[in-house]
Amino acid sequence: GLLTRLQTSAPAIRILLSSNSFSQNIPSSLWKLGRLNHVAIAVPDLEKAQSLYKDVLGAQVSETVALPEHGVYIVFVELGNTKLELLHPLGEKSPIASFLQKNKTGGMHHICIEVDDIKAAMTELKKKKIRILSEEPKIGAHGKPVIFLHPKDCHGVLVELEQA
């Protein structure tokens, strides 16, 4: 019964274990992907969104901060294990303004994942043909260097990488 099946399949298991496994095929990297820092949500009405998270859901919500170099107002909603970043346009040329023109009620804009070495990540990702939306990192909302990866290279998701 079972013992015979296990003995019969043992050579196949040994072959799988001795061959290049999935983890052995992953090249070692000079940088490491870290934790999810935040999920960013574009909102057409920042005060209404702040009120939802603070007054209705009871979350801790930051003050509004203007980031002119990114063309946005931001508010962070603390969730314990991560944050939500509420984004609202700062000026007509804001990338969030154009996002909201296409998505009138708002929606998920990007995810932010921490990396331990943003410069090494940029070098390696460029070699792997992942487009980065700026030549150099910019300083993000947390005062740390950030880059954005092209959504067409990330299965339709705009990915922000932030130096941990």
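Nothing here was measured: the structure is a model prediction, and the numbers come from that model.
Checking side-chain atoms of His70 against main-chain N and O of Ile139 turns up a donor-acceptor pair under 3.5 Å. The closest donor-acceptor contact from the side chain of Asn103 to the backbone of Gly106 lies at 3.5 Å or more, if one exists at all.
One distance of note links CG of Leu161 with CG of Leu125; it measures 6.5 Å at 0.5 Å rounding. The CG atom of Asp153 sits 11.0 Å away from the CG atom of Leu158 when rounded to the nearest 0.5 Å. Taking NZ from Lys54 and OG from Ser62, the interatomic distance works out to 10.0 Å, rounded to the nearest 0.5 Å. Atom-to-atom distance recorded for Leu87:CG and Ile41:CD1 is 8.5 Å, nearest 0.5 angstrom.
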Derivation and outcome, side chain to side chain contact (heavy atoms under 4.5 Å, CB included), residues Val75 and Leu46 | CA-CA 8 Å; Val75 169; Leu46 191 55; 3.9 Å; yes
Problem - Pair Lys152-Arg131, side chain to side chain contact (heavy atoms under 4.5 Å, CB included): steps then yes or no - result: CA-CA 9 Å; Lys152 288 185 179 176; Arg131 290 173 282 178; 3.6 Å; yes
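Checked options Lys128, Lys126, Lys127; the residue passing with Glu124 is Lys128 (criterion: side chain to side chain donor-acceptor pair (under 3.5 Å)).
Atom CZ of Phe148 has more than 12 heavy atoms from other residues, nucleotides or ligands within 6.0 Å. Counting heavy atoms of neighbouring residues, nucleotides and ligands inside a 6.0 Å radius, atom CD of Gln60 does not exceed 12 of them.
Between Glu114 and Arg35, at least one side-chain N (NZ, or NE/NH1/NH2) sits under 4.0 Å from a carboxylate O, which counts as a salt bridge. Between Lys119 and Glu136 a salt bridge is recorded (basic side-chain N to carboxylate O distance below 4.0 Å).
For the pair Val72 and Pro89, the minimum side-chain heavy-atom distance is 4.5 Å or more. Counting heavy atoms from C-beta outward, Val146 and Pro137 have side chains that stay 4.5 Å or more apart. You'll find the side chain of Ile113 stays beyond 4.5 Å of the side chain of Asn37, heavy atoms only. Proximity of Thr64 to Phe76: side-chain heavy atoms (C-beta onward) are nowhere separated by under 4.5 Å.
Neither side chain, His109 nor Glu85, offers a donor N or O lying under 3.5 Å from an acceptor on the other.
Relative orientation of the His38 and His142 rings is tilted, given thresholds of 30° and 60° on the angle between their planes.
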